[in-house]
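Proteins come first, then strands; the chains are lettered A, B, ... in the order of their sequence lines, and each starts at number 1.
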Amino acid sequence: MQDLDNFEGNCQEKSGFLFKHLCDRPSVDRCVVCAKCVCDFHGHQTPMGTQCAICLRSRDIGSETPNDSIYPTAYHSRYHHYQSTNSFQNNDPRVTISEPGVDPSDDSASNLGDGDFTEDIAPDDGDGNFGNDPADFTEGDSEAFQDDSGNDFETDMGAS
Amino acid sequence: MREIDCNSILNKGRLETKGSCSEIATAIAKIDKLVSVRIPLQISYTYAIIILLWAFSLVIFLVAYSGSMEKFGNDLFSMFFQRNTFDLKAFGIAAAFSISICLCFRIFFLEKKLVGGKKIGLALASIRLFGCDMGKGALLQLSLDLSAHNKKEKLTHKNKQGPWTISHYYDPWLRMSGKMTDGTRFNLLVAERFQSRYRPHKRKSIRERSTTITTVKFLAKPGTNCQLNRIRNKAGSLVGLPTWATLKTLEISNTSLKLTASTSEKWSFGAKPVKGSVDFLELIALAMLSLYEILNLANQKRNA
């Protein structure tokens, strides 16, 4: 039988968005199926009693995704969908790679204090310009606006 | 972390704090509740009181004065200026009118607090998203600017196009940084780039456009010797962003990754976005997943 004493006091469920890791919340109950300690986030009330997310999923109760509040799985499937249909090329000019050893964006990562803003990550050139943006006002707009024919703004957006 | 005073933040329109992720999330949730539930409720109540006061005044006016403005005016004048009589009916109408004016001011000030509703909600959703991979007591630094995007200090420059003067604003309203349990540090920036086109002559006209930009930056855990530049040929194919967003840049260096994407769509956030708008949290989540996949690949290469 699994020794649960080592984890007594802490939730034993693994969760996370980018990577799975042990939950560090205090446990409040045990899963009725696998006897795992679970916190109030990871314990789900069922007619049988409290169950952990894994046991609940394995029983496939409905189409419910019980862990979504702290592990938004829907974004993972959407990521894989968009990534597979991605038209982004590796030699795309938008990808900029600094030379090995040169790291302009890194102001010495080892010196960062916990949670400090490392730098101003504003994506502009310091002047509020962002290059060519499809939403920018253009010369074409200027001509279109000469005649105020009552076109609404949304129509003008298409013109640019 | 010192206690966050929700009302003072809504009055100032700015929150800058550093503390544990869960504490900040609780404080922001409180502000969110205030903005999305309590203040709209207070506004509704105030409108209801104004309507009741006006109805009360109208009934007295019609019953006691038979709708005669002259009679009512005379009574009011004699009560306030000649001060020889006290007319309860005229006083009641005047009092109801004065209170309703005060309540209109109250609505005006309450509505001013509602400006950052969407911003607060997205900030809270982002904290919860990043918080999934942060430890219980992990520190989070947050800067949230709820003030209007077209404030003077946010004006970056002006230029002319024909008869039009275009004002360019840049409003970096959400900044967040912290460290995940695996040692990866992150920075998040959400900014509004706003253009206002104004023609002073001929027929006056103002037109506006805005783009919302998000930048997510990951710094690999110091000392892991994560060689990101070795995977330069594959990094692009790991990016997966929603079709309604435009990738601006993906910057890769030895130890850091930075992805900038933008959208001109109207946005909301969460599992059920408002009809006709996109889920902005999806863009942030997918940018995070894209960068983390690249980091993972770099680590796999290093271990291989």
Where on [X] is there a heavy atom nearer than 4.5 Å to chain A: the side chain, the backbone, both, or neither?
X: B:Leu259; answer: neither
X: B:Leu289; answer: both
X: B:Thr243; answer: both
X: B:Thr184; answer: neither

- Query: Who passes ring-ring contact (aromatic ring centres under 6.0 Å, His included) against B:Phe194, sequence neighbours left out?
  - Reply: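 Result, ring-ring contact (aromatic ring centres under 6.0 Å, His included) vs B:Phe194: B:His149, B:Tyr169.
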- Item | Residues B:Thr215 and B:Thr260: side-chain donor-acceptor under 3.5 angstrom |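 Per modelled atom types, B:Thr215 and B:Thr260 side chains form a pair under 3.5 Å.
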- Query: Does A:His21 have any side chain to side chain donor-acceptor pair (under 3.5 Å) partners at least two apart in sequence or in another chain, and if so, which?
  - Reply: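 Partners of A:His21 by the side chain to side chain donor-acceptor pair (under 3.5 Å) criterion, ordered by chain and then number, come out as B:Asp133.
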- Item | Pair B:Lys151-B:Asp171, salt bridge (charged side-chain N to carboxylate O under 4.0 Å, His left out): steps then yes or no | CA-CA 9 Å; B:Lys151 279 182 89 177; B:Asp171 175 20; over 6 Å; no
